[in-house]
Amino acid sequence: MLGIKRLGVVAALTLVGLAPAAAAQAQAQPSTQDRQYLQAIHQVNLAEIVTGELAQQKGQNQGVKDLGAKFVTDHTQLDQTVQDTAKQLGVDLPTEPTADQQAVVDQLNNVNGAEFDRQWVTAELAGHVQAIQATQTEISQGSEQAVVQLAQDALPVLQAHYDELVTLAEELGVPVPQASASGTPGPGGSGTPAPTPSVTGPGSPTAPGGTATTPAPGGTTGPGQGGVTESPAPTGS
């Protein structure tokens with residue numbers, strides 16, 4: 001009988017010891033913000049790789065072709081980190097771009113020559129605006145250090161892409177989104193102004209309120225719409 005009681009005591013102590021470990025594991029789950037950012041930036045990368053390849057195939061302007069090739073390389077590298085981080089944290093990633101991103105791909109497939117170049121730059125500007133804003137939001141609001149670090153590493157890459165797109169847009173006469181005076185803090189605590197997505201493009205669908213908008217290949221919606229939900233809106237600081 002004493003042996004049985006001792007076993008019972010040992011089992012109880014073991015369960016008590018496991019409880020804090022289980023609680024710690026539950027607390028280690030990434031927040032909704034972190035999870036949605038990983039899913040959204042993955043879809044950004046998927047879309048950018050496809051549209052970058054299209055730019056190389058269909059672009060008439062050499063700058064469009066060259067920038068498309070750069071986007072494929074950079075977003076492929078970035079997405080490898082996204083996939084590794086998601087796997088580490090147990091986050092399931094979407095397998096395809098959002099419905100809006102796919103609509104842009106379909107639209108680009110239907111135009112050629114100089115018109116393709118203009119629509120590609122317009123869509124890429126809008127997409128990178130959204131990606132930058134979502135990344136700034138993760139930096140300021142994320143709680144999982146691995147995801148925040150990923151966002152901090154991604155931000156200068158996305159910003160460099162945007163800057164190069166602005167130069168190309170000016171060359172092609174494409175309207176450029178105006179930079180907002182406010183932005184969430186970037187790496188190192190410095191505020192990086194977030195561009196405001198105010199670009200309209202050819203064949204742009206009309207948003208509520210009658211404002212024309214261009215679906216962005218770099219749009220940052222997460223699981224919910226067509227299997228994805230919209231990523232939290234960035235906040236300025």
Side-chain angles (χ1 to χ4, degrees), residues 40-41 44-45 47-52 54-56 58-75 78 97-98 100-101 103-105 107-108 110-137 139 154-186 190-207 209-221 231 233-237:
I41 199 65
V44 167
N45 293 330
E48 290 298 333
I49 291 168
V50 172
T51 55
L54 277 178
Q56 294 175 77
K58 301 185 65 176
Q60 176 174 291
N61 181 281
Q62 189 59 45
V64 169
K65 290 179 175 290
D66 293 343
L67 203 51
K70 182 173 184 178
F71 287 2
V72 171
T73 298
D74 290 352
H75 283 279
L78 175 58
T98 68
D100 282 349
Q101 291 163 349
V104 170
V105 173
Q107 181 175 318
L108 291 174
N110 290 326
V111 291
N112 296 287
E115 183 63 19
F116 172 88
D117 291 346
R118 286 191 293 269
Q119 290 198 27
W120 184 83
V121 172
T122 296
E124 289 297 325
L125 281 167
H128 278 78
V129 163
Q130 294 177 20
I132 288 169
Q133 290 177 329
T135 300
Q136 290 174 326
T137 297
I139 291 170
L155 183 58
V157 176
L158 295 171
Q159 187 66 58
H161 288 180
Y162 176 80
D163 293 343
E164 291 179 89
L165 283 165
V166 169
T167 300
L168 190 54
E170 292 172 348
E171 176 187 333
L172 298 176
V174 172
V176 177
Q178 295 181 347
S180 167
S182 63
T184 52
S190 60
T192 302
T196 302
S198 58
V199 169
T200 58
S204 302
T206 301
T211 302
T213 59
T214 302
T220 51
T221 53
S231 182
T235 56
S237 59

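- Contact annotation: the side chain of F116 approaches that of L54 to within less than 4.5 Å [non-hydrogen atoms, C-beta and beyond].
- In terms of heavy atoms, N112 sits closest to K58 at OD1-CE, 3.2 Å.
- The shortest side-chain heavy-atom distance between E124 and H161 does not fall under the 4.5 Å cut-off.
- Considering all non-hydrogen atoms of both residues, L165 and V121 come closest at O-CG1, 4.1 Å.
- Side-chain contact between L108 and T51: present, with at least one pair of heavy atoms (C-beta onward) separated by less than 4.5 Å.
- Residues passing the side-chain hydrogen bond (donor to acceptor under 3.5 Å, both in side chains) test with N45, sequence neighbours excluded: H75, D79.
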Name every donor-acceptor pair, under 3.5 Å, that has one atom in a side chain of residues 166-176 and the other anywhere in the protein, sequence neighbours excluded.
unit_1: T167; atom_1: OG1; unit_2: D163; atom_2: O; d: 3.3
unit_1: E171; atom_1: OE2; unit_2: N61; atom_2: ND2; d: 3.1

Give every donor-acceptor pair under 3.5 Å between a side-chain atom in residues 63-72 and any protein atom, sequence neighbours left out.
unit_1: K65; atom_1: NZ; unit_2: Q56; atom_2: O; d: 3.0
unit_1: K65; atom_1: NZ; unit_2: G59; atom_2: O; d: 3.0
unit_1: D66; atom_1: OD1; unit_2: Q62; atom_2: NE2; d: 2.8
unit_1: K70; atom_1: NZ; unit_2: E164; atom_2: OE1; d: 3.4
unit_1: K70; atom_1: NZ; unit_2: E164; atom_2: OE2; d: 2.7

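- Side-chain contact between Q60 and E115 is absent, with no heavy-atom pair separated by less than 4.5 Å.
- Residues A131 and L158 approach most closely at O-CD1, 3.9 Å, considering heavy atoms.
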